[in-house]
**Q** 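Pasting a structure below so you can have a look.
Index from 1, following the sequence.
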Amino acid sequence: MVLEAGREGSFLEEGFPGCVEVEEAGRYPLGGTELGQGEDPEAEPMSTQDSKLPIHHLAGEESLVGERGRGVGLKWLELLDSNNFQSEDGDIIDCVDIYKQPALDNPLLKNHTIQMIPNYVEGKTKESSSQFLQAQQLWKKSGTCPEGTVPIRRMLERDLLRSIPAQYPMEYHKKDPRSLVEFAYASIDWDWNKDQGPYESASASISVWNVHVAPNELSVSTVILMNHDDYIAAGWKISEQQYRDNHTRLSIYWTHDGAQKTGCFNLDCPAFVQIDKNIVLGGTISPVSEYNSLQYYSDIELHQDKNAGDKWWLLYNGKVVGYWPRALFPDFRAATHVEWSGQILNTAAGGRHTNTQMGSGHFAQEGQGKAAVFSKMLVKDTKHTNWAPTWAKAEATKSACYNIGDVQKSNPDPGAYFFYGGPGIGHGCG
């Protein structure tokens, strides 16, 4: 099933090349803007009454296209007549006509036809087969969006300004000795084993936690597919810098050029085409796991549909959320690098290592129910063969602070798994 876009009146400049220009990436890798730059850090949260105002009162008068030259505009919100409501966490959720979602304002997607079902799902929505407790999204307690719309977390201009300098993906800091980013991750590369790649799909069930994150820092657990500078990722993220709170949120990312001039999180720029009315990108995940108690998981799958123009699809808890169109990265035909990764940003405030936590905030050796875990890890090669990536290399950049266990075969569940995480400062981490 497809829908014709039929767009009129884009608010983006003609000749717009892709998405966000990350001019400050080198200066503020992944989250280090100077807090308070251009805004009041003590600003009051939006009230419930505000959520009932027309959108143009909330979106602000200034378009980021005209004033910032970054290829991202908020004025598309000003003229939309959408349903909206406020979630328990304070987020405003707009139910936006699927034809008017921000992705379709991208000139690269002019006359784009929305595909409602990926071909590989064989005509019906794929339901998750996970036997784990699935983490849901908090906003669903407050309302729903009608058919023909997609739910979008509203961003004020000040929110987008906070997000823009945080675009640079952590992956590109691994080999930089000055990097403020630390990792505990398992990865595979096609060059290691040419009989099992390249890859058209990667997935995992990720245990979801809400841990301590220091100001101006973040903690991420994500599945990543890469081919040179083409990069997509999905998982959970905690970032006060980006969201003005410390909730655990569903987060996705893309870039076509190693985040030099393209790339963004969620729907922060016109790129990802959403088709599902039940998932909010950037929305709070709830409930989350508790130490030595109930464990909640998010099922993440990134999958290329070669029968439909090489779109890269996102599935969350078995539901098809949407896709990144091939027009965003025409050479991204398959992934040569796959990664399941815990990441934190360490700004070393006061000259000391951060106490920002990764995963559950506990080390890998504590095991099930205590340490965070990537489970049911699978990859599919371009011959459509599924593999449990037990040969994946497990590495941690600073194991005294955050570590990782061996990648092992799951039993009786399909796939592979590993534990990871840590508390940061203390225990020999300084």
**Q** Rounded to the nearest 0.5 Å, how far apart are OG of Ser298 and CD1 of Ile285?
**A** 4.0 Å
**Q** Is there side-chain contact between Gln136 and Asn317, with at least one heavy-atom pair below 4.5 Å?
**A** yes
**Q** Aromatic contact between Tyr231 and Tyr253, with the criterion being ring centroids under 6.0 Å apart: yes or no?
**A** yes
**Q** With Trp324, which of Asp230, Ile252, Val273 fulfils side chain to side chain contact (heavy atoms under 4.5 Å, CB included)?
**A** Ile252
**Q** Side chains of Thr262 and Phe329, heavy atoms from C-beta outward: is any pair under 4.5 Å?
**A** no
**Q** Do you know which of Trp340, Phe419, Tyr185, Tyr417 makes side chain to side chain contact (heavy atoms under 4.5 Å, CB included) with Phe374?
**A** Trp340
**Q** Can you give me the closest heavy-atom contact between Cys145 and Lys277, atom names plus distance?
**A** O-NZ, 3.3 Å
**Q** Do Tyr323 and Asp305 have side chains that approach each other closer than 4.5 Å (heavy atoms only, starting at C-beta)?
**A** no
**Q** Would you give the length of the straight line joining atom CG of Asp94 to atom CG of Asn84, rounded to the nearest 0.5 angstrom?
**A** 5.0 Å
**Q** Check Asn216 against Glu240 and note the closest heavy-atom contact, atom names and distance.
**A** N-OE1, 4.2 Å
**Q** For the side chain to side chain contact (heavy atoms under 4.5 Å, CB included) test, which of Thr347, Ile344, Ile425 pairs with Thr354?
**A** Ile344
**Q** Between Asp406 and Gln408, is there a donor-acceptor pair closer than 3.5 Å when you use the side chain of the first and the backbone of the second?
**A** no
**Q** To the nearest 0.5 angstrom, please state how far the OG atom of Ser360 sits from the CD atom of Gln295.
**A** 8.0 Å
**Q** Does a side-chain heavy-atom distance below 4.5 Å link Leu218 with Gln242?
**A** no
**Q** NE2 of His303 to CD of Glu200: how many Å apart, nearest 0.5 Å?
**A** 4.5 Å
**Q** Tell me if the CD atom of Glu290 is crowded by more than 12 foreign heavy atoms within 6.0 Å.
**A** no
**Q** Determine the minimum heavy-atom distance between Pro118 and Trp313, stating which atoms define it.
**A** CB-CE2, 3.4 Å
**Q** Would you say that more than 12 heavy atoms from the other residues, nucleotides or ligands in this model lie under 6.0 Å from the NZ of Lys409, or not?
**A** yes
**Q** Please report the closest heavy-atom contact between Lys370 and Asn292, naming both atoms and the distance.
**A** CE-OD1, 3.7 Å
**Q** Could I get the full list of side chain to side chain donor-acceptor pair (under 3.5 Å) partners for Thr222, not counting sequence neighbours?
**A** none
**Q** With side chains defined as the heavy atoms from C-beta onward, is the minimum distance between Leu225 and Trp312 less than 4.5 Å?
**A** yes
**Q** State, with a plain yes or no, whether a side-chain heavy atom of Cys95 is found less than 4.5 Å away from one of Phe85.
**A** yes
**Q** With disulfide (SG to SG under 2.5 Å) as the rule and sequence neighbours excluded, what pairs involving residues 333-381 come up?
**A** none
**Q** Asn246: what forms a side chain to side chain donor-acceptor pair (under 3.5 Å) with it, not counting sequence neighbours?
**A** none
**Q** Does anything in residues 375-430 form a disulfide (SG to SG under 2.5 Å)? List the pairs, not counting sequence neighbours.
**A** Cys401-Cys429
**Q** Looking at residues at least two apart in the chain, or sitting in another chain, which of them share a side chain to side chain donor-acceptor pair (under 3.5 Å) with Trp209?
**A** Ser207
**Q** Should Asn403 and Gln365 count as side-chain neighbours, where that means a heavy-atom distance under 4.5 Å?
**A** yes
**Q** With sequence neighbours left out, write down each residue that passes side chain to side chain donor-acceptor pair (under 3.5 Å) with Asn266, or none if nothing qualifies.
**A** Tyr243
